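Quick caveat: nothing in here was measured; it's all calculated off a predicted structure.
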Amino acid sequence: MSRLAQTAGLTDVQQEILATVRDFVDKEILPVATELEHRDEYPQQIVDGLQELGLFGLMIPEEYGGLGESLLTYALCVEEIARGWMSVSGIINTHFIVAYMLKQHGTQEQKDHFLPRMAAGDIRGAFSMSEPGLGSDVSAITSKAVKDGEEYVLNGQKMWLTNGGTSSLVAVLVRSDEGHPEGSAPHKSMTTFLVEKEPGFGEVRPGLTIPGKIDKMGYKGVDTTELIMDGLRIPANRVLGGVTGRGFYQMMDGVEVGRVNVAARGCGVAQRAFELGVSYAQQRHTFGKPIAQHQAIQFKLAEMATKVEAAHAMMVNAARKKDSGERNDLEAGMAKYLASEYCKEVVEDAFRIHGGYGFSKEYEIERLYREAPMLLIGEGTAEIQKMIIGRRLLEEYRFQG
């Protein structure tokens, strides 16, 4: 274990889990990540290994066959996995957001039906809020559900689904005006539907099409897709929680978990970039000595390490706040914002340390340089995080005039 990004107060079980995950990352992910990433190949063998380790059930309660671990344990595992290859951490993140939403908001029948198979990794989850013209404005969702007897008929186009092809369960947020008259606040007319489907591309069930993978600059291997609903019929018992109009709150609760996850990913990628930078700086010689002995490089390494430490501390704080049952949107927003920005900066500094070789696909830092930008926009842009942070600060520090 490196000296950077240590976490105080972990139990023996948590330490054992993290040691197991780190060993898996070093042996099974790092040696193949760059090759698979360059081929944009889904890491099936790695995912199978994570399933064998029980990581798909890490946060799912023991009564449903999971390990019943905390968000902190999960975030620290994500940090380790992202250190190996960020795309793999994305595969389990969306799965856990859906599992968390089911655990917190699902009916008992929904929990009994889905959670045991999700814990085993037999059902893989994805969630869907965004739409082609939506951006960060969730209230502008146009996809719609209309009640028809004991079913709902869903129509619309969704965008940016991680695990869109490989998943078999998608939590989809759409507008449902039933019981919410025109003029109601937009967030009160949204509902989350649990949509079961076959893995793959094309028409994966009647009325539901996954067109194919979106070609991306980075974040490769994991499938990112659209989702098109055209007369998709969903039974009423697949409304998350059994009541319409609560979807916005359910999704935002899940996104808080997702923001801690993105912060953890930023920490993991930044750690790996630091490792690559500090190692290369001791091997590369200029002017008769390793470049690590030049003060300019030492200053850069000092700044990188400090950013890794700061981001890790904020991520851990946000996870522990959520685990305590307290509201953590402020802490999650701060952690996501800081970790993603620092990740970009640490990766760029490691890239600069590599000089011209950083531009070569033979060096791992090239992959990290393309992966880091996704964290700046995933689970809400920096601007959205700052809006959340600013509003919460004004609530806490309201002027008493």
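Judged by distance alone, the side chains of Ser324 and Glu326 do bring a donor and an acceptor atom under 3.5 Å apart. Under 3.5 Å, the side chains of Thr224 and Lys216 contain a donor-acceptor pair of N or O atoms. With hydrogens and angles left out, the side-chain atoms of Thr191 and Ser176 include a donor and acceptor closer than 3.5 Å.
When all heavy atoms of Ala140 and Arg175 are compared, the pair lying nearest together is C-NH2, 4.3 Å. Between Pro206 and Leu232, the closest heavy-atom pair is O-CD1, 3.5 Å. Pro373 and Met217 get closest at one heavy-atom pair: CG-CE, 3.8 Å.
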> So Ile210 and Asp223, side-chain contact (heavy atoms from CB on, under 4.5 Å) or not? Walk me through it.
Replying inline: CA-CA 11 Å; Ile210 306 293; Asp223 49 295; over 6 Å; no
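Salt-bridge annotation for Lys220 and Asp215: present, with a side-chain N of the basic residue lying under 4.0 Å from a carboxylate O of the acidic one. Salt-bridge check for Asp329 with Arg327: passed, with a basic side-chain N closer than 4.0 Å to an acidic carboxylate O. In summary, Glu348 and Lys344 do not engage in a salt bridge, as defined by a charged side-chain N under 4.0 Å from a carboxylate O. Between Asp253 and Lys322 there is a salt bridge, since a side-chain N of the basic residue sits under 4.0 Å from a carboxylate O of the acidic one. A salt bridge links Arg370 with Glu366: at least one charged nitrogen is closer than 4.0 Å to a carboxylate oxygen. Glu256 has no carboxylate O lying under 4.0 Å from a charged side-chain N of Arg259, or vice versa, which leaves the two without a salt bridge. Using a 4.0 Å cut-off between charged side-chain N and carboxylate O, Arg83 and Glu275 make a salt bridge.
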Would you list the atom pairs, donor with acceptor, under 3.5 Å between side chains in residues 44-54 and any protein atom, with sequence neighbours excluded?
unit_1 : atom_1 : unit_2 : atom_2 : d
Gln44  : NE2    : Asp48  : OD1    : 2.8
Gln51  : OE1    : Arg124 : NH2    : 3.1
Gln51  : NE2    : Ala120 : O      : 2.9

Name each donor-acceptor pair under 3.5 Å that joins a side chain in residues 261-269 to protein atoms two or more places apart or in another chain, with its distance.
unit_1 : atom_1 : unit_2 : atom_2 : d
Asn261 : OD1    : Asn93  : ND2    : 3.4
Asn261 : OD1    : Arg265 : NE     : 2.8
Asn261 : OD1    : Arg265 : NH2    : 3.3
Asn261 : ND2    : Tyr74  : OH     : 3.1
Asn261 : ND2    : Asn93  : OD1    : 3.1
Arg265 : NH1    : Tyr219 : OH     : 3.1

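Summarising the geometry, atom CD belonging to Glu379 is positioned 9.0 Å from atom OG1 belonging to Thr94; distances are rounded to the nearest 0.5 Å. Rounding to the nearest 0.5 Å gives a distance of 10.0 Å between CG of Leu76 and CD of Gln6. With rounding to the nearest 0.5 Å, the separation of NZ in Lys197 from OG1 in Thr209 is 11.0 Å. With values rounded to the nearest 0.5 angstrom, Arg398 atom CZ is found 12.0 Å from Leu393 atom CG.
Heavy atoms from other residues, nucleotides or ligands lying under 6.0 Å from CD of Glu395 number more than 12. Annotation: Glu198, atom CD; neighbour count of heavy atoms from other residues, nucleotides and ligands within 6.0 Å does not exceed 12. Heavy atoms of other residues, nucleotides or ligands lying less than 6.0 angstrom from CD of Glu16 number 12 at most.
Not a single side chain to side chain donor-acceptor pair (under 3.5 Å) links Tyr357 to another residue, sequence neighbours left out. Taking the side chain to side chain donor-acceptor pair (under 3.5 Å) definition, one finds that Asp112 meets it with Gln108, sequence neighbours left out. In terms of the side chain to side chain donor-acceptor pair (under 3.5 Å) criterion, residue partners of Glu35 (sequence neighbours excluded) are, by chain and number, Arg39. For Arg367, the salt bridge (charged side-chain N to carboxylate O under 4.0 Å, His left out) partners are Glu364, Glu371, not counting sequence neighbours. Residues passing the side chain to side chain donor-acceptor pair (under 3.5 Å) test with Ser143, sequence neighbours excluded: Glu131. Residues satisfying the ring pair (Phe, Tyr, Trp, His ring centres under 6.0 Å) test with Phe24, not counting sequence neighbours, are none.
Screening His312, Arg320, Gln14, Gln15 for a side chain to side chain donor-acceptor pair (under 3.5 Å) with Thr7, the sole residue that qualifies is His312.
Applying the salt bridge (charged side-chain N to carboxylate O under 4.0 Å, His left out) rule to pairs touching residues 299-310 yields Lys300-Asp349, Lys307-Glu345, sequence neighbours excluded. Applying the ring-ring contact (aromatic ring centres under 6.0 Å, His included) rule to pairs touching residues 247-276 yields His187-Phe248, His187-Tyr249, sequence neighbours excluded. Counting only residues at least two apart or in different chains, ring-ring contact (aromatic ring centres under 6.0 Å, His included) contacts with residues 365-401 comprise Phe351-Tyr369. Listed by first and then second residue, the ring-ring contact (aromatic ring centres under 6.0 Å, His included) pairs involving residues 30-67 are Phe56-His95 (not counting sequence neighbours).
Side-chain contact between Met59 and Leu67 is absent, with no heavy-atom pair separated by less than 4.5 Å.
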